[in-house]
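Below is one structure; the comments refer to it alone.
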Amino acid sequence: MGQTCPGRSRWRRFRSPVARRLGLVAIPPPVRLLTDRHTHPYLAPGQPSPGVARAALSYIVDVAVLAASHSKELFVMTNISPFRSTRLTLRVLVPLAVGAVALSACGSADTSDESTTPEATAASTQDPADSESGAALSVTDPWVSTAEDGMTAAYGVLANDTDAEITITGASSEVSSDLELHETVMDASGAMVMQELEGGMVIPAGESRTLEPGGDHVMFMDLNAPILAGEEIEVVLQLEDGSSVPMLASAREHAGGEENYVGGGHGDMDDHGASTHDPGDHDTHGEMSEHTHEGGHGEHTTAPDEG
Amino acid sequence: MSTPQGNRRTRGAYESGQDSDPGGISRRALLVGGAVAGVGAAAAIGADGYLNRDGPSTSAVSEEPGEVLNGEQVVPFHGAHQAGVAVPPQAHAMHIALDLAEEVDREGMGRLMRILSDDASRLTQGQPALADTGPEMARVPARLTVTFGFGPEFVRRAGGPLPEWLAPLPAFGVDRLDPAWCEGDLLVEVASDDAVTVAHATRMLLKGAASFATVRWSQPGFRRAYGSQVSGTTMRNLFGQVDGTVNLQAGTADFDRLVWCAPQAGWLAGGSSLVIRRNALDMDGWDRLDRPGREESVGRTLDTGAPLTGTQERDEPDFEALSPIGFPVIGEFSHIRRARSDNPDERFYRRAYNYEDPPGQGGAGLLFTSFQADPLAQFVPIQQRLDDLDLLNEWTTPVGSALFAIPPGCAPGGFIGETLLA
């Protein structure tokens with residue numbers, strides 16, 4: 001094969017005489033494209049990885065280009081019977097078998113990874129915007145609570161995929177001048193209060209940390225614009241090593257979590273209504289707390305809340 | 001693609017039975033091998049895609065009850081069509097019509113549909129929605145589907161072209177419509193084999209819509225519980241009649257042609273329309289009717305649903321058969337004769353549910369829902385025939401009527417209604 005052809009740089013020629021006898025002159029573009037599920041985790045169950053189709057298409061296109069540049073030989077193809085010649089048998093059936101078996105194995109490997117249990121289908125149905133990875137920290141299902149002004153919080157699942165500890169030192173966003181990392185703790189009187197995390201948010205190697213109402217969260221201290229339901233708010237987490245991890249949080253209305261803020265400022269949370277809560281009023285906290293603010297989170301037969 | 005010299009040369013090479021390069025690999029064999037491998041690869045991908053087209057979970061739906069927990073069954077959310085139309089009807093359904101608030105504009109409607117689609121895509125797969133306050137209740141999907149429909153005001157506010165049929169249905173003589181059960185801007189249909197799942201999904205979706213819309217009406221419905229009968233058995237309405245024998249079958253060419261809107265339909269291509277009519281049943285009047293009278297009003301027997309001229313449910317009714325005294329066995333006035341049209345295009349896909357208000361607070365009835373590509377051409381002529389003459393009208397009264405456009409499905413990362421709002 002001394003001819004030049006487009007894409008030749010992506011082909012590697014076999015030197016081994018065995019391979020040449022088998023008719024495998026060159027291998028197609030990198031085989032890892034056949035198993036690139038890590039870049040396409042959002043497949044529906046049963047759907048072959050797009051990488052498989054792409055690799056096969058590029059293989060076919062390359063062969064087609066070769067065929068066009070050697071068009072004279074095309075006439076011979078219709079007259080060849082593989083069973084009349086053992087050499088041709090090897091050169092036709094072996095590539096056919098290798099191609100079909102390799103690609104169907106990759107295809108079934110894709111689908112055998114899917115399972116009927118709901119947990120396993122989670123990764124395949126997530127919106128691409130929900131799962132982003134920085135260098136080592138991946139953020140899943142980020143969301144932020146809607147608010148007119150004042151304070152609000154962002155949540156999500158942060159996973160440390162490396163074997164070193166990750167420390168988040170801060171966060172920034174266009175919608176608030178000041179963001180803090182908060183935890184929720186019980187104070188002396190037994191009420192749940194939120195306070196800034198000293199030393200930042202530490203995620204040990206290989207573990208994940210869930211930010212959720214009633215627990216840890218990223219606090220927006222002073223909103224400069226209302227956050228409306230359904231909006232996507234960009235938040236950038238700053239890590240101790242200087243890198244940053246973006247997360248795109250979907251805004252959702254959320255009524256729970258009336259934790260008081262150590263250091264004051266709880267009354268600024270206007271989205272939760274004008275009522276103030278004494279710590280003693282809380283039988284439970286988080287999403288299970290009763291709340292009296294006006295709004296459409298109860299039976300939805302009345303006019304909607306403005307917020 | 002070849003020169004005369006090329007023909008001569010290659011033919012000569014073939015006849016000699018030798019490759020042009022005996023010691024190594026001929027270009028010809030490489031091309032053949034590569035092309036055949038490429039074809040083999042394409043065939044493998046095609047076969048793999050064909051074999052797995054339904055996904056691993058939906059193939060388990062038809063297994064015997066008890067082999068696999070039905071509560072774990074999921075119906076894929078993403079696809080060309082919304083999943084809740086063609087899926088075998090689940091045991092419980094909740095139909096909710098919402099009215100958009102005054103100030104919600106096109107941008108707000110986009111945010112609303114993104115929230116609802118995201119919540120639905122998670123809940124239907126057995127995952128809690130974002131900000132789900134009861135995540136444990138999302139773990140038993142039981143074939144949950146969520147279907148969205150748009151009323152005329154929704155489409156108008158979105159600035160999209162209004163399909164000509166998207167307006168209240170024409171008034172029929174038998175109608176006794178209560179405006180509280182009629183029309184709406186946005187329809188949300190939540191259906192699952194598990195009633196607790198329906199309740200949780202309904203609550204999550206209404207919370208997502210709370211700042212955009214108010215509830216206009218909500219109509220719950222039910223059929224046989226999963227596992228009570230062999231799946232696929234025709235349902236019975238609360239009159240005890242076998243209801244829905246003659247119906248389009250999902251997956252057939254007729255279904256695709258008559259239910260899904262054609263590609264020329266613009267933003268509705270791959271969508272459909274939904275007629276939902278609340279039919280109140282006069283249970284007391286029905287009780288006073290004797291059994292032969294009941295069977296004559298429909299034209300089918302009560303025990304098996306067979307037509308009066310046949311022995312099995314699927315028998316074709318013989319409308320020409322006469323009784324010994326000369327009257328047609330299946331009367332001119334019977335429901336199945338009046339609902340039958342000579343025009344094969346006047347058909348739709350029925351997907352009805354029973355409803356029953358608590359005793360003393362209303363009545364029982366049938367939530368008639370049908371999907372068709374063009375309700376004016378497919379549904380209205382049939383309803384007009386029934387309006388003109390149908391003995392069953394004595395005991396049924398439409399008290400609610402609504403028509404919605406069902407948008408097409410979406411891919412992961414998209415949202416229902418993106419063809420109209422994006």
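Chain naming here is simple, since letters A, B, ... match the order of the sequence lines and numbering starts at 1 in each. Predicted model, so just to flag it, every value in this text is computed and none were measured.
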For the residue pair B:A131 and A:R252, what are the closest heavy atoms and their distance?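 For B:A131 versus A:R252, the nearest heavy atoms are CB-CB, 3.9 Å.
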
For A:A251 against B:I115, the heavy-atom pair lying closest together: O-CD1, 4.4 Å

Could you give the distance from CG (A:D141) to CG (B:D118), rounded to the nearest 0.5 Å? 8.0 Å

Pairwise side-chain contact, A:H254 with B:T133, heavy-atom cut-off 4.5 Å (strictly under):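 Yes, their side chains come closer than 4.5 Å.
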
Give the C-alpha distance, both sets of side-chain angles, the deciding distance and a yes or no for side chain to side chain contact (heavy atoms under 4.5 Å, CB included) between A:E231 and B:R111. CA-CA 7 Å; A:E231 279 183 337; B:R111 284 187 287 118; 3.7 Å; yes

